[in-house]
Enquirer: 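This is the structure I have questions about; it appears just below.
This structure is a prediction, so every number in the text was calculated from the model and none was measured. Within every chain, numbering begins at 1; the chains are lettered A, B, ... in the order of the sequence lines, protein sequences first and strands thereafter.
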Amino acid sequence: MPEKFLKPYDPAGTETRIYEAWEKSGLFNPDECVRQGVTAPDAAAYSVVLPPPNVTGSLHVGHAYEDSLQDAIVRFERMRGKRVVWIPGTDSAAIATQARVEKNIQKEEGKSRHDMGREELVRRVMDFARASESTILNQIRRMGASLDWSRYAFTLDEARNAAVMEAFKRMYEAGLIYRGHRIVNWDPKGQTTISDDEIIYEEEKATFYYLKYGPFTIGTARPETKFGDKYVVMHPDDPRYADWKDGQTFEAEWINGPITGTVVKDSSIDMEFGTGVMTITPWHSSADFDIAERHDLDKEQIIDEYGKLLPIAGEYAGMKIAEARPKIVEKLREKALVVKEEPYTHNIATAERTGGIIEPQIKLQWFVDVDKPFVMQHSEIPGIESGSTATLKALMRAAVESGAVHMPQEGFKNAYFHWIDNLRDWCISRQIWFGHRIPVWYGGEQVHIGTEAPSDEGWTQDPDVLDTWFSSALWTFSTLGWPEETSDLATYHPTAFISPGYEILNLWVSRMILMSGFLLGQVPFKTVLIHGVVRDKQGRKFSKSLNNGVDPIDMAERYGADALRMGLLAGTAIGGDVSFDESKVKGYKHFANKLWNIARFILENTEKVRAGSERDSQFSARELEHLNTLEALTNDVTADIEAFRVYMAAEKLYHYAWHELADKILEESKPILAGADEDARRSRAALLLLLLRRTITLLHPFMPFITEEIWSSFAPLMRGASRSDYDNFLMVARWPLLR
RNA sequence: GGGCGAUUAGCUCAGUUGGUAGAGCAUCGCAUUUACACUGCGAGGGUCACAGGUUCGAGUCCUGUAUCGCCCACCA
């Protein structure tokens with residue numbers, strides 16, 4: 001009996017030691033598994049990529065949950081003899097990371113990015129990213145994640161950059177990437193464009209003004225944008241304005257003097273809202289922009305990139321919006337142009353990363369065209385033939401509709417289709433400095449695509465970088481060596497499943513399907529297993545501002561990573577939100593200790609009694625019953641994990657180990673083991689060794705550390721009871737085959 | 001405005017195809033010097049949000065209502 005078994009189980013000390021041993025063995029790497037004869041050379045491949053966490057600090061228990069879930073499935077498949085690779089990585093998260101560092105620098109040194117310059121800022125952001133990366137990787141290791149570190153990738157490393165450049169080039173050459181003037185979400189605070197998905201709407205109480213505009217009364221919440229308004233729009237079917245014809249002009253006294261207005265009839269106008277008439281500001285509103293495009297109207301900029309009014313505002317030029325608005329309203333009142341004012345609550349768009357209030361602007365940006373037809377050279381996606389014409393939207397739809405990408409959760413599937421149906425062109429340029437620089441060079445009127453400038457003089461590179469999701473979208477294959485035709489790519493793509501939170505279904509999952517479909521003609525993964533958000537006991541998200549964060553390392557140190565994993569996984573249906581409950585983790589710490597003592601009891605008693613071998617033991621009827629129960633459990637647990645019901649498998653195992661094996665079988669065994677009947681003693685000892693071995697084998701995907709520790713401590717005894725593979729880690733032992 | 005999900009024990013949550021309600025923590029009682037007090041045995045506690053319907057039988061399926069949450073769109 002090893003001496004450590006005489007004391008309670010010590011998770012903190014055990015876990016780090018075991019992880020080091022695993023890592024040193026090289027067995028997280030499937031190539032090494034084959035080389036060491038652990039995995040058959042022709043075993044089926046099973047690959048998973050870790051959703052790369054942002055290098056913006058450290059991980060929280062939400063990541064711990066995601067990692068535990070994937071690790072349980074990955075370990076299960078590895079034990080089933082598959083050639084398993086789980087690829088780790090981190091995401092540069094362009095805007096998020098740069099914003100974080102800029103904020104720190106501003107606070108500590110009082111400098112802006114412009115004081116510092118591009119090169120210096122990028123260096124500082126990269127330093128921060130490297131520090132975060134190191135913290136994060138330690139956290140992931142501490143959770144026991146069996147990732148193949150030899151394949152580690154960072155979205156901004158050399159190989160991934162090569163993949164991004166190649167992807168950009170191929171899409172550009174297919175005509176799917178274009179540069180154009182479009183209305184974009186401009187963040188005056190971050191001085192960059194952001195995508196629709198990076199906007200957060202916040203409720204604002206404002207005033208809604210009814211203004212006299214020539215013969216009409218218009219409604220607006222933003223009088224400060226109205227200087228250039230010379231079009232008045234109404235619904236073509238609105239009887240109140242039936243006398244007015246499209247294109248008809250009229251004179252009106254306006255903020256800074258008389259102007260000529262033009263009537264525009266457009267059916268996008270809501271007759272019920274306000275007076276049913278509005279003026280439009282195409283430069284600063286996407287809805288207005290669309291109307292202007294439809295009727296080929298003039299567009300004029302009113303507000304600059306810093307949120308200040310331009311000379312068109314006359315006496316208000318140079319003022320910030322907030323400052324100008326009351327003054328303008330005052331003037332309108334003086335000119336008796338304000339008909340009515342009423343309180344009004346609406347949502348204003350703010351930038352997720354910087355909190356800046358979005359001011360739509362027309363800008364020259366790069367876009368991915370999601371509706372343009374192109375020829376699919378090669379396609380393995382059902383519903384899209386090789387050589388046929390498709391669009392990116394059609395590709396995204398077909399991948400899921402055909403079931404090639406399986407989304408078992410119907411609700412998320414509907415959300416995905418809904419998103420595709422409403423999708424507009426994807427703006428991929430960002431006016432920041434940290435990230436993949438757009439590989440486009442301008443020489444006068446000429447454009448060159450490539451990472452290097454052409455050899456002759458006079459070329460300048462586009463200053464923008466790509467949306468961070470552009471590089472993340474390549475993740476399932478950029479990590480496998482694409483665009484090189486590596487054996488990894490041939491062996492491991494498409495991957496088996498992806499496990500993201502639902503908040504990035506659109507941002508990430510759909511764009512992976514887009515990129516993989518276009519560039520490889522494949523789906524990126526066969527199953528999407530969407531999980532919920534981990535919340536605190538009050539149901540709140542974990543956030544820095546609430547200061548309710550829980551550090552997974554802290555939990556692991558206090559209760560053990562095994563306990564934390566079980567606390568997060570067991571009894572938590574996948575897809576729903578997870579409420580983090582520390583007392584649950586504590587409960588599973590007790591369970592770990594229980595397992596420890598089950599092992600101790602069995603080993604202690606089988607040391608004294610020479611156990612019969614499994615083969616020649618004459619098990620009693622009662623013992624055969626126990627074996628059957630265990631067999632049924634094995635079937636159940638296997639089926640559960642195969643169907644991704646990880647939470648159920650975990651609960652069943654917990655219940656079996658504690659309330660069946662310990663409470664019933666061990667108690668029942670005590671008199672037998674102390675009895676006079678030697679045959680009975682021997683067969684019982686053999687039974688208990690078998691039950692213990694099977695139980696810790698089944699539990700290994702969930703509680704890898706303690707099961708490995710029991711396994712290795714008692715390898716000689718275990719081996720005495722049965723055949724084969726105790727020389728190696730439990731991690732690579734065989735999952736019991738079904739009968 | 002559109003969509004999705006939730007509502008089960010004091011708290012946090014499970015309950016796979018419809019077959020007499022479960023776990024962790026908390027509460028109460030009893031037991032216990034050797035596997036384990038990070039214990040054992042046992043108890044209390046739920047008209048499964050509400051109202052209808054289908055069925056021999058509904059926490060589970062259908063319809064409606066209420067409350068909460070999330071996602072999408074965004075109306076000047």
Enquirer: State whether A:Trp658 places a side-chain N or O below 4.0 Å from either non-bridging phosphate oxygen (OP1 or OP2) of B:G40.
Expert: yes
Enquirer: Examine A:Lys299 relative to A:Phe289 and say whether NZ or CZ is less than 6.0 Å from the centre of the six-membered ring and inside a 45° cone about the ring axis.
Expert: yes
Enquirer: Looking at B:G24, B:A35, B:C38, which one has an atom nearest to any side-chain atom of A:Leu666?
Expert: B:A35
Enquirer: Please report the distance separating the C1' of B:U34 from the corresponding atom of B:G42, rounded so that it comes out in whole Å.
Expert: 23 Å
Enquirer: For A:Tyr559 and A:Tyr588, I'd like to know if the aromatic rings sit close, meaning centre-to-centre distance below 6.0 Å.
Expert: no
Enquirer: Toward the 5' end of RNA chain B, which comes first, A:His655 or A:Asp640, by nearest nucleotide?
Expert: A:Asp640
Enquirer: Using the C1' atom in both, what is the distance from B:U16 to B:G53, to the nearest Å?
Expert: 25 Å
Enquirer: If I pick the C1' atom on B:G10 and the same atom on B:G5, what distance separates them, to the nearest angstrom?
Expert: 26 Å
Enquirer: Kindly determine whether A:Tyr65 and A:Phe580 satisfy ring pair (Phe, Tyr, Trp, His ring centres under 6.0 Å), including the steps that lead there.
Expert: CA-CA 10 Å; A:Tyr65 170 58; A:Phe580 181 75; over 10 Å; no
Enquirer: Could you pull out the closest heavy-atom pair between A:Ile269 and A:Met278, with the gap in Å?
Expert: CD1-CE, 3.6 Å
Enquirer: For A:Arg645 and B:A14, give me the distance from atom CZ to atom C1', rounded to whole Å.
Expert: 13 Å
Enquirer: Taking only the P atom of each, what is the distance from B:C71 to B:U27 in whole angstrom?
Expert: 37 Å
Enquirer: Is the base of B:C36 touched by the side chain of A:Lys594 through a donor-acceptor pair closer than 3.5 angstrom?
Expert: yes
Enquirer: Taking atom C1' in both B:G18 and B:C56, compute the distance separating them and give it to the nearest angstrom.
Expert: 12 Å
Enquirer: For A:Met271, does its backbone N or O pair with a side-chain atom of A:Arg240 as donor and acceptor, under 3.5 Å?
Expert: yes
Enquirer: In the structure shown, which nucleotide is the Watson-Crick or G-U wobble counterpart of B:C28, with both distances under 3.5 Å?
Expert: B:G42
Enquirer: Answer yes or no: does a side-chain N or O of A:His590 lie under 4.0 Å from OP1 or OP2 of B:C36?
Expert: no
Enquirer: Kindly confirm or rule out a cation-pi arrangement of A:Lys340 over A:Tyr210, judged by NZ or CZ under 6.0 Å from the six-membered ring centre and within 45° of its axis?
Expert: yes
Enquirer: Hey, which sits more toward the 5' end of RNA chain B by its nearest nucleotide, A:Lys652 or A:Glu667?
Expert: A:Lys652
Enquirer: Over how many whole Å does the gap from A:Ile641 atom CD1 to B:U16 atom P extend?
Expert: 18 Å
Enquirer: What integer distance in Å separates A:Glu503:CD from B:G5:P?
Expert: 18 Å
Enquirer: Grab the CG-P distance between A:Asp663 and B:C36 for me, whole Å please.
Expert: 15 Å
Enquirer: Side chain of A:Ala287: nearest nucleotide among B:A76, B:U16, B:C75?
Expert: B:C75
Enquirer: Looking at A:Lys670, I'd like to know whether one of its side-chain N or O atoms comes within less than 4.0 Å of OP1 or OP2 on B:A35.
Expert: yes
Enquirer: Using the C1' atom as the point on both nucleotides, what is the distance between B:U8 and B:A58, in whole Å?
Expert: 14 Å
Enquirer: Nearest-Å distance, CG (A:Leu653) to P (B:G22)?
Expert: 20 Å
Enquirer: Say you pick atom C1' in B:A43 and the same atom in B:U47; how far apart are they, in whole Å?
Expert: 22 Å
